[in-house]
Structure formats: structure tokens, C-alpha cells
Visitor: 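Have a look at the structure that comes next, please.
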Amino acid sequence: MVTIQLFGMTKMLAGNRGTLSLSLHDGKRVKDLVSVIDAAYPKIGELLQKKKVLVSVNQEIAHEDLEVKDGDEIALLPPFAGGNR
Amino acid sequence: MVTIQLFGMTKMLAGNRGTLSLSLHDGKRVKDLVSVIDAAYPKIGELLQKKKVLVSVNQEIAHEDLEVKDGDEIALLPPFAGGNR
Amino acid sequence: MSLEQVTKADRPATDDDAMLVRVQREDFSIDEELTRVRRRSKRIGGIATFLGTARDRSKGKDVDGITFEHYEGMAQKKLREIRERAIKDFGVIEVLVLHRYGEITIGENIVLIIAAAEHRAEAFRACQWAIDELKQITPIWKLEHTPEGEVWVEEHP
Amino acid sequence: MSLEQVTKADRPATDDDAMLVRVQREDFSIDEELTRVRRRSKRIGGIATFLGTARDRSKGKDVDGITFEHYEGMAQKKLREIRERAIKDFGVIEVLVLHRYGEITIGENIVLIIAAAEHRAEAFRACQWAIDELKQITPIWKLEHTPEGEVWVEEHP
């Protein structure tokens, strides 16, 4: 199982849940994670496909080929706002 | 008679006087003023010739051909400092 | 400001460093943050500051208030990176980066960048780069409250 | 900051205008000056500020303190021109220009520019232009106190 943190509009699209728990086998990559999310939450999946939502692993934006390991800190990041500047 | 305000290094070069009073006839121009100052205070005169010190008339930098009239506010302006930036 | 009262020796450098990069709910005083930066060096001659505040309009819509959400941990990490790169790349003496989260009322402070240098040119460059970079890389999200409802703002549509 | 407490209607515009351009002996608070600027409009989203402070070194020499002298009347006139041109030419909402005179201790404030706009780009442009222009056209002179004596500083030798 991996836990994925949600923020902003992705949290809203997941029914205001702050986290998702997904079962994922060893040796899986970010792109596999994206497929699992796409199946469960197609609207988030679409944003992930369009790269409007990015995946971070251990607080860095992750390439789709990065391997996800047990204990990794994973999050879905919608477009940053930064402040009303 | 016209009164000339001094600042910074020109004040120092005039023996720490804040103003100079010069007799000047009607129809005289800024360049005539410069000549009179040059005769009395050669060090200030030299800076005026080199345009390192500028003459202002009524709070604007004055051309040497500008006519100086009775009641005009005249000053000698050494190079501005502006602050330690 | 008393430069003599609080010197670097009075407090551990690590505490100071932590205070120079913060994501916090509370409002802040620009004078207090400037004092924090200025006591780092007497060589400072030019300080460029950017303060972002909550406007009452956004892209033609009225805005009644804003809520900021941040990714705790990653947001701080990115702001620390911005401070360190600004100091290194622009040759400035000190940089402070501060962002609020939570509910923000119109007119209130949102974000503060302070870049202090010997001269103004590099202070301006570091300050402007830091706020541009903050907007690009910091995981902070903005929910605008408008008369028509709440909208998560996408800056890069 | 309470934007509601003090609105434009509470005080004559002319008083406010006069407070937005000053040459004064006393130190100033950046928070207070920011409040003065911010209460002019709720449309403000980005505020760029430049603060010039007294460094302990200048062109390789130690400096113990600085005295600023100004041409009363002309200095204020030039700062007013800078404020008006910055607002007009850069499309910003408000600009404040403030310079101290008299004795300045190392580390103290000398000059403050605040440029407030809807967005940060024009705020930065107006702020940077205003401080550059101030340095060029404002009749203010600097006497540096060094261990070797006092020197009137020429910025354009």
C-alpha cells in the first residue's frame, strides 16, 4: 500500500479526501501509479495525462519512469498558485 | 544683489558659508554669474567650468544663457549623492 | 534599529536560518522581518523587498477572500532552495522568504521576499528572481472566494 | 492591517499626497509607510520596496557615519516629480518616496521607495526606476565620516 497526499483541486476531485491509499506491488513506477489513479478517479487521471497535475515522490517532481518504493512520500500536485501577485 | 545658496563641497570651498551675495546688473546671464564667482572663489569657479558644479535658478538646473532676474532663487549644486545605495 | 543589541553571536545560526524561510498562518510585520535580515551584516546598503497582498479582483472577477493551502514539508524545502540559490547566484548578503497559508482577507499580506545586498542592483535582481521562482516551484495553492462560489486558481491554464 | 478603518474619505487627498513624498530628519517605519500606501486602493496586489541603509564601508574605506544635506524646496520638488512620473509612466497605483537628512548612524535607514501595483512586474519597474532617478536628479549630498576625516561624496567623479 502507498499513501498519496492530495491538494487543492485534486482533493476536491477525490471527494475532499486528503489522501488516497492504493495497493501497489514492488517494482512499480510512477506511470503505473497514474494508471491506477486513472481507473479510480478518471478526472484526476485526465489532469495527470495532460501534465496539469504532477506526481511528486519524496518532495520532488517525479519522472513517470521513477520506481516507487515502500515508504516513499507521494503527492499529486495541481498547478501552483503562489499568491495573488 | 543676488543671493546664491551653497551646499556640500561648494559650501566648504567658500569657507563654510551657506550663501554668497553678489552684485549683478540687470540683463545678466548665468555665465556672467559664473565669471563673478570664479573671480572670488577660483576653486568653485573651476568646478563650475568643468560642469561638476551646476547652477540652479528657481529650483531647476539652468543653461548658461538663462537670464538671471531680481528675486530669482539661485543655488550652486555639487554632484548629488542620493544615499548609500 | 539597534544593530548592537542582537548580533549573530547571541543566537545560534541555525535558529536564524529557520526564521528566514517560513510558511505560516499568522500575519507578519515587515519591520520585524527587515530587522531579522539587517542584523546579519553591517555591510548591507540596499534592500529590495516584494510584498504580495490580496487584491479585491482577479482576472476581471470580484474576490472576497482567499484560502491558501500548502504541502507541508515540500513547500518549506522549495523556499529554502530559493533562499540558498538567490544568495549564491546573485551575490547578495541575505534573503528572507515568507508565505502565509490559511484564510486571507482582502488587503492582507500573502508573501514577502527580502533581498539585502551591498548595492541595490543585485538586491533587486535577487528579489525579483526569488518571487518569480517561488511562483513556479512552490507547492502552494490558492482558492478564491468570489460571489459566484469558490475556485481553485490555476496560474498556468 | 485594517483597510476599513482609514479610507480615502477620512482625510483630504492633499494631506495624503504630501505624506507620500517627504524629506525628513526622523527615522521611519516601513510598516507605517506601507499602510499609508496600501490604504489608497484595494486593487493593490504587488508592492516593490527599496530601502537604502548606511553601510559600514564605501569604496574600500571604513565609514563611521554619514551626514546628508539637502536643498530644501528643490529636493521635495524633484521627489514629487519622481512620484508623479513613476505613477504615470509605469501604470502603478501608488508610489511613496522618502529621504532622510542629517546625521545617520551605520545600519540606519536613509531612503525608502514604495511602488504598489496590481501586479509585481510594474511595481518592480517603477521602484527601480524611481531609486535610479532619485540618485540622478535629487539635490541631496552625502558627507562620509571616516577614520581619516570627513569627505563629501561625489558619485560622478
Side-chain angles (χ1 to χ4, degrees), chain C residues 1-5 27-35 37-59 62-64 66 93 105-121 123-125 127-132 134-135, chain D residues 1-5 27-35 37-59 62-64 66 93 105-121 123-125 127-132 134-135:
Chain C
M1 201 189 73
S2 170
L3 281 163
E4 306 307 323
Q5 261 172 356
D27 198 4
F28 47 81
S29 148
I30 289 85
D31 280 327
E32 279 174 29
E33 302 307 327
L34 282 167
T35 300
V37 168
R38 291 165 71 163
R39 68 175 170 233
R40 305 280 279 190
S41 170
K42 291 188 181 184
R43 194 67 29 105
I44 294 169
I47 305 175
T49 296
F50 178 75
L51 177 64
T53 59
R55 280 182 288 138
D56 66 354
R57 284 182 75 77
S58 171
K59 293 169 189 154
D62 286 329
V63 178
D64 305 321
I66 306 174
I93 294 170
T105 304
I106 298 306
E108 279 191 339
N109 297 325
I110 298 170
V111 57
L112 178 69
I113 308 277
I114 299 176
E118 281 200 60
H119 301 103
R120 69 183 183 285
F124 273 116
R125 275 195 297 268
C127 185
Q128 204 155 4
W129 175 83
I131 185 63
D132 289 349
L134 182 150
K135 193 159 178 171
Chain D
M1 201 190 71
S2 170
L3 280 163
E4 306 308 323
Q5 262 171 358
D27 199 3
F28 47 82
S29 148
I30 289 86
D31 279 328
E32 280 174 29
E33 302 306 328
L34 282 167
T35 301
V37 168
R38 291 165 71 162
R39 67 174 169 234
R40 306 279 279 189
S41 170
K42 291 188 180 182
R43 196 67 29 107
I44 294 169
I47 305 175
T49 297
F50 178 76
L51 176 65
T53 59
R55 279 181 290 139
D56 66 353
R57 284 181 75 77
S58 170
K59 293 170 187 153
D62 287 329
V63 177
D64 305 322
I66 306 175
I93 294 171
T105 304
I106 297 307
E108 279 191 338
N109 298 324
I110 297 170
V111 57
L112 178 69
I113 308 276
I114 299 177
E118 281 200 61
H119 303 282
R120 71 185 183 284
F124 272 116
R125 277 195 295 267
C127 184
Q128 204 155 3
W129 175 83
I131 185 63
D132 289 349
L134 182 152
K135 194 159 178 172

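Per chain, numbering begins at 1; letters A, B, ... match sequence-line order. This one's a predicted model, so the numbers in the text were calculated from it and none came from an experiment.
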Visitor: Quick one: which of D/A121, D/S29, D/A48 has the most heavy-atom pairs under 4.5 Å with chain C, could you say?
Guide: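 Most pairs with chain C among the choices: D/S29.
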Visitor: Quick one: closest heavy-atom pair of D/I44 and C/T53, and the distance?
Guide: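 That closest heavy-atom pairing would be O-OG1, 2.9 Å.
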Visitor: Measure the shortest side-chain to side-chain distance between D/T49 and C/L51 over non-hydrogen atoms and say whether it is less than 4.5 angstrom.
Guide: no
Visitor: With the side chain counted from C-beta on, respond yes when C/R55 and D/K42 share a heavy-atom pair under 4.5 Å apart, and no when they do not.
Guide: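 With C-beta onward as the side chain, the pair stays apart.
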Visitor: As an exercise, state the distance from CG of D/D56 to CD of C/E118, rounded to the nearest 0.5 Å.
Guide: 8.5 Å
Visitor: Please work out whether the ring planes of C/F124 and D/F50 are parallel, tilted or perpendicular, with thresholds of 30° and 60°.
Guide: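 Ring orientation, 0 to 90° scale: parallel.
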Visitor: Answer yes or no: is there a side-chain heavy-atom contact under 4.5 Å between D/N109 and C/R38?
Guide: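 SC-SC contact between D/N109 and C/R38 confirmed.
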Visitor: Answer yes or no: is there a side-chain heavy-atom contact under 4.5 Å between C/R120 and D/D132?
Guide: yes
